[in-house]
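For reference, positions follow the sequence shown, starting with 1. Indexing begins at 1, ligand by ligand and atom by atom, following the structure's order. Just so you know, these numbers come straight off a predicted model, no measurement behind them.
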Amino acid sequence: MANTAILKIDGKEYELPIITGTENEKAIDISKLRQQTGYITLDNGYLNTGACTSAVTFLDGELGILRYRGIPIEQLAEKASFTEVAYLLIYGHLPSDKELQDWDKELTMHTLIHEDLKRLYNGFPKDGHPMAIMSTMIGSLSTYYQDSYDPENPDHRHISMVRLLAKFPTIASFAYKKSLGQPTVHPMNHLDYCSNFLNMMFSVPSEEYYIDPEIVKALNLLLILHADHEQNCSTSTVRLVGSSLANLYGAISAGICALWGPRHGGANQEVLEMLLEIKASGLPVKKIVEKAKDKNDAFRLSGFGHRVYKNFDPRAKIIKKACDAVLSRLGVKDPLLDIAKELEEAALKDSYFVERKLYPNVDFYSGIIYRALGIPVNMFTVMFAMGRLPGWIAQWKEMIESPDMKIGRPRQIYTGATNTAYDNAKKK
Ligand code: ACO
């Protein structure tokens, strides 16, 4: 098989190296293209651009495959804990029992946040979106750790990763408690990662809170399914910001903002709001599908379509199954689940969706489970961020530790005005 590509421009031929990944994916290496030819490549939205090589996550959009460090998502969803998956993504291998015990202990010992940082919550309006609060609080963590956030120092890298993973659930639950006007609940060291989060979210000093193992299990599954997805919008943001050697807190804070958008992680909130609107309006599902197809209408079917998955999203498959199981185990009957299933069925039969290969994505059913677990709608994207955090960290660490790391700096083709004298440009 060829290991170079030939490019012909202006009557000259150039040989470009071909890079092959471990799953036989192929790329043309254009890193010397401008130097050799004076040309750059143009790829709006990066549909065909590989920004890096990576050994963290493999996905095949045509076959609906997703693997973290080579292990199929289906197996991790069934057998692993979220902190185990975080370790796998970050360190590249599954931890031994002892390694996992030490890792869990380390994460447990860093869950508290500085009391002064808590005062920042008082500056936000009660109904401020928790993603904005998360981004601010996570970025602000850096002000407390100025002596240990140098991305080029391995010890600083390690402690920053641990602090972020450990404190994220605390910060998220405090944001929720503040929005309710309830006292914040401190982390408890005897609880595992998911149980501790649920306790901080839902317990109140006046009443004992029962941590339902079914809810813990479902949360663990959801976090695992969201843990990484190679070079998506928020992960690429984390890499780009991190490539300037900004500290990890700043890079993750930027990633949270990227995830918030409705075309990305914000879709899980949009899906639930869409389902609630359909229920309230009583409109038949067929009408909603028509609206989504109408090019004069900006409305899109939230939770449908994916840049990479053009067959099915394997995470959506697992979540749909889990949705039925979780709701029946918890004894919840949610009419939104019926609407979602009806909507999916109608869209999958419609030629518009079939031709464009639009299938339910990870966000289509996740909101229904979050709702059954008692998570408020505006916290859905925060849950996604909590799940994605190990992926962001793993991708950042891989980039920082790579010997050929470069600052991310795309080029452009300029299409504006050519050289214009100030006096000619000034309005008379
Ligand atoms: N509803 C209706 N039409 C859609 C939808 C949708 N959900 N998604 C894509 N289309 C249509 C587009 O209008 C376009 O039609 P055209 O070819 O006639 O112009 C075609 O399908 C291709 O869409 P693009 O936006 O070009 O596809 P892209 O790969 O850039 O976008 C995206 C993928 C952003 C996810 C898109 O499908 C979308 O907006 N979906 C809804 C939001 C969503 O669920 N986001 C979550 C994604 S998963 C995640 O981030 C975790």
Taking the side chain as every heavy atom from C-beta outward, state whether [X] and [Y] have any pair of such atoms under 4.5 Å apart.
{"X": "Tyr14", "Y": "Ile6", "value": "no"}
{"X": "Leu343", "Y": "Ile288", "value": "yes"}
{"X": "Ser140", "Y": "Leu117", "value": "yes"}
{"X": "Ile133", "Y": "Val382", "value": "no"}
{"X": "Tyr176", "Y": "Phe202", "value": "yes"}
{"X": "Met383", "Y": "His226", "value": "no"}
{"X": "Leu248", "Y": "Met161", "value": "yes"}

Tell me which one of Val216, Asn220, Leu76 satisfies side chain to side chain contact (heavy atoms under 4.5 Å, CB included) with Ser81.
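Among Val216, Asn220, Leu76, the one meeting side chain to side chain contact (heavy atoms under 4.5 Å, CB included) with Ser81 is Asn220.
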
Short check: is a protein heavy atom less than 4.0 Å from [atom]?
{"atom": "atom 8 (N) of ligand 1", "answer": "yes"}
{"atom": "atom 39 (O) of ligand 1", "answer": "yes"}
{"atom": "atom 50 (O) of ligand 1", "answer": "yes"}

Relative to the heavy atoms of [X], which atoms of ligand 1 are at a distance of less than 4.0 Å?
{"X": "Asp363", "result": "46 (C), 49 (C), 51 (C)"}
{"X": "Phe384", "result": "51 (C)"}
{"X": "Gly303", "result": "43 (C), 44 (O)"}
{"X": "Ala292", "result": "2 (C)"}
{"X": "Ala267", "result": "43 (C), 44 (O), 45 (N), 46 (C)"}

How far is [atom] from the closest protein heavy atom, and which atom is that?
{"atom": "atom 35 (C) of ligand 1", "result": "Gly305 O, 3.6 Å"}
{"atom": "atom 41 (C) of ligand 1", "result": "Phe304 O, 3.4 Å"}
{"atom": "atom 48 (S) of ligand 1", "result": "His306 CD2, 3.6 Å"}
{"atom": "atom 11 (C) of ligand 1", "result": "Tyr352 OH, 3.5 Å"}
{"atom": "atom 20 (C) of ligand 1", "result": "Arg356 CD, 3.7 Å"}

Compute the shortest N/O to N/O distance between Leu301 and ligand 1 and return yes if it is under 3.5 Å, no if not.
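Yes; the residue has a nitrogen or oxygen that sits under 3.5 Å from a nitrogen or oxygen of the ligand.
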
Under 3.5 Å between some N or O of ligand 1 and some N or O of Val362?
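There is no such contact.
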
Identity of the nearest option to [atom], non-hydrogen atoms only, from [options]:
{"atom": "atom 10 (N) of ligand 1", "options": "Leu358, Asn361, Leu47", "result": "Leu358"}
{"atom": "atom 15 (O) of ligand 1", "options": "His264, Lys357, Lys295", "result": "Lys295"}
{"atom": "atom 23 (O) of ligand 1", "options": "Arg300, Arg263, His229, Lys291", "result": "Arg300"}

If you measure from each non-hydrogen atom of Arg307 to ligand 1, which part falls under 4.0 Å: side chain, backbone, both or neither?
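Answer for Arg307: both.
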
Is the Tyr87-Tyr91 ring centre distance short of 6.0 angstrom?
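Close enough - the centres of the two rings lie under 6.0 Å apart.
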
Determine, using ring centers only, whether Tyr149 and His156 are less than 6.0 Å apart.
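So the answer is no for these two rings.
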
Got a sec, which pairs hit ring-ring contact (aromatic ring centres under 6.0 Å, His included) with one end in residues 251-295, sequence neighbours left out?
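Residue pairs passing ring-ring contact (aromatic ring centres under 6.0 Å, His included), neighbours aside: His129-Trp260.
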
Could you tell me whether ligand 1 has any atom less than 4.0 Å away from a heavy atom of Phe364?
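Phe364 does not count as a contact of ligand 1 under the 4.0 Å cut-off.
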
Against ligand 1, does Pro262 come closer than 4.0 Å with any heavy atom?
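Yes, that is the case, since the closest heavy atom of the residue is under 4.0 Å from the ligand.
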
Single hit among Phe58, Tyr68, Tyr309, Phe384 for ring pair (Phe, Tyr, Trp, His ring centres under 6.0 Å) with His229
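Running ring pair (Phe, Tyr, Trp, His ring centres under 6.0 Å) over Phe58, Tyr68, Tyr309, Phe384 with His229 returns exactly one hit, Tyr309.
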
Qualifying side chain to side chain donor-acceptor pair (under 3.5 Å) pairs with a residue from residues 351-362, counting only residues at least two apart or across chains
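Non-adjacent pairs meeting side chain to side chain donor-acceptor pair (under 3.5 Å): Lys295-Tyr352.
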
